[in-house]
2 protein chains.
Amino acid sequence: MADIKIFAAETPPEMAGEPDDIRQAIELLFFAYRDFTSDPDLILLRSGYGRAHHRILHFVGAYPGINVAQLLRILRITKQSLGRVLKQLLKQGFVEQRPGKRDRRQRLLFLTEKGRKFEAQLSTPQQKRVQQAFTAAGPDAVAGYLKVLEHLIDETERKFIIDAIKRG
Amino acid sequence: MADIKIFAAETPPEMAGEPDDIRQAIELLFFAYRDFTSDPDLILLRSGYGRAHHRILHFVGAYPGINVAQLLRILRITKQSLGRVLKQLLKQGFVEQRPGKRDRRQRLLFLTEKGRKFEAQLSTPQQKRVQQAFTAAGPDAVAGYLKVLEHLIDETERKFIIDAIKRG
DNA sequence: GTAATATGTCAATATGGCTGACATAAAAAT
DNA sequence: ATTTTTATGTCAGCCATATTGACATATTAC
């Protein structure tokens, strides 16, 4: 286990096509994201929920009063996909709906106390992981990290997303 | 569409619990990864394959001669999950197997010419996105970006992964 | 009053994970 | 030489999450 090598023993030394630093960066993001999501995933698995539940809990928790259309745009899923999971969260009493005051067609979403607790439970290990990485890498690295991430977002969505994240 | 606000209109100003910069960083990673995977996903969708196919093509392409056990460890999936997708790639002639010379139980994996072409087609837009983000953010930012990503990886796997990525 | 919007829901389908069980060939250990 | 372990494959079934398409309701906008 400790001495497994990823290097293919019979790999020819000549090595293919794409600029290697970009390939490395792509793989690094893959691995980092894999582990980044692993913390809540583990808890979710034991609780009988999935990653989709966490995403909803996170965004409803971070943006109380968010409506369904906004949530759909953020998650980039269909309302049917959202509906299935959201319905469970409502039934389980993690999320509650209130009609919008300006537009009574809208269902504004809020976490209940129970939802807040569960969300915190899911997010805490993930936050700790990020905090630890930030501390280890140092503030300059963090600034660079955030800058690159912003530029990975679709140019057409970038401003919208960044403004949204920084609200509050 | 252009003027959708993510800010919940009725959000109370008091705002809950977690350190906000960490929450922002978590969301930023979510959005960046969402868009980072969207390029190949679009092509895959039109080709009738899925993200799982891309992951295998990527790692077999990057590490020719990788064996099944190594691939499983990297992807963190079961052999049954891998098997279903790998079988398709073999049948379609994107990947080929050769028995290991040292250990003839092993099936070493290689891309065929067809596989290399398809992999390149999938990866090119993703590479361009990363390259563009790196250029826009600048070299110092990239260094910080990579540093933080490394520290997001599980400590127990970190050295293994980083060594692997930086191989030959 | 009619049209558009926000939301919900039913049904069918696909993908990609999972567990458990079992099979084969080759290497390693005794 | 025999037994055990390892590397791989495969069958079957289950679950979570996504999709498309169709349709229903309430409310707002024209």
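This structure is a prediction, so every number in the text was calculated from the model and none was measured.
- When the C1' atom of C:dT15 is taken as reference, atom CG of B:Leu44 falls 12 Å away, rounded to whole Å.
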Given ring-ring contact (aromatic ring centres under 6.0 Å, His included), test B:Phe59 with B:Phe110 step by step and report yes or no. CA-CA 10 Å; B:Phe59 283 106; B:Phe110 300 86; over 10 Å; no
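- Summarising the geometry, the separation between CZ on B:Arg34 and P on D:dA18 is reported as 13 Å, rounded to the nearest angstrom.
- Using cut-offs of 30° and 60° on the angle between ring planes, the pair B:Phe134 and B:Tyr145 is perpendicular.
- Not one side-chain nitrogen or oxygen of B:Gln97 sits closer than 4.0 Å to the OP1 or OP2 atom of D:dT8.
- In this structure, A:Leu72 atom CG and D:dA18 atom P are separated by 11 Å, rounded to whole Å.
- A cation-pi arrangement is present between B:Arg73 and B:Phe160, with the terminal nitrogen or guanidinium carbon under 6.0 Å from the aromatic centre and inside a 45° cone about the axis.
- The closest donor-acceptor contact from the side chain of A:Asn67 to the backbone of A:Gln70 lies under 3.5 Å.
- Rounded to an integer number of Å, the gap from CG of A:Asp41 to P of D:dC15 is 19 Å.
- The nearest whole Å value for the distance from the CZ atom in A:Arg107 to the P atom in D:dT25 is 14 Å.
- The CG-P distance, from B:Leu82 to D:dG9, rounds to 8 Å in whole Å.
- Note that CD1 of B:Ile43 is 9.5 Å distant from CD of B:Gln126, once rounded to the nearest 0.5 Å.
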For nucleotides 18-30 of chain C, 5' to 3', base contacts (B), sugar-phosphate-only contacts (S) and non-contacts (-) with protein non-hydrogen atoms under 4.0 Å give BBBB----BS---
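- Both the sub-6.0 Å distance and the 45° axial angle are not jointly satisfied by B:Arg129 relative to the ring of B:Phe36.
- Residues satisfying the side-chain hydrogen bond (donor to acceptor under 3.5 Å, both in side chains) criterion with A:Tyr33, sequence neighbours excluded, are absent altogether.
- Distance B:Leu89 CG to C:dT15 P: 13 Å, rounded to the nearest Å.
- Nucleotide C:dG8 holds its P atom 7 Å from the CG atom of A:Leu86, rounded to whole Å.
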Applying side-chain hydrogen bond (donor to acceptor under 3.5 Å, both in side chains), run through A:Tyr63 and B:Glu27 and close with a yes or a no. CA-CA 12 Å; A:Tyr63 306 95; B:Glu27 292 181 12; 2.5 Å; yes
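- Proximity of residues 45-55 of chain A to DNA chain D (heavy atom under 4.0 angstrom from any strand atom) is restricted to A:Gly50, A:Arg51, A:Ala52, A:His53, A:Arg55.
- For the pair A:Ser81 (side chain) and A:Ile77 (backbone), a donor-acceptor distance under 3.5 Å is absent.
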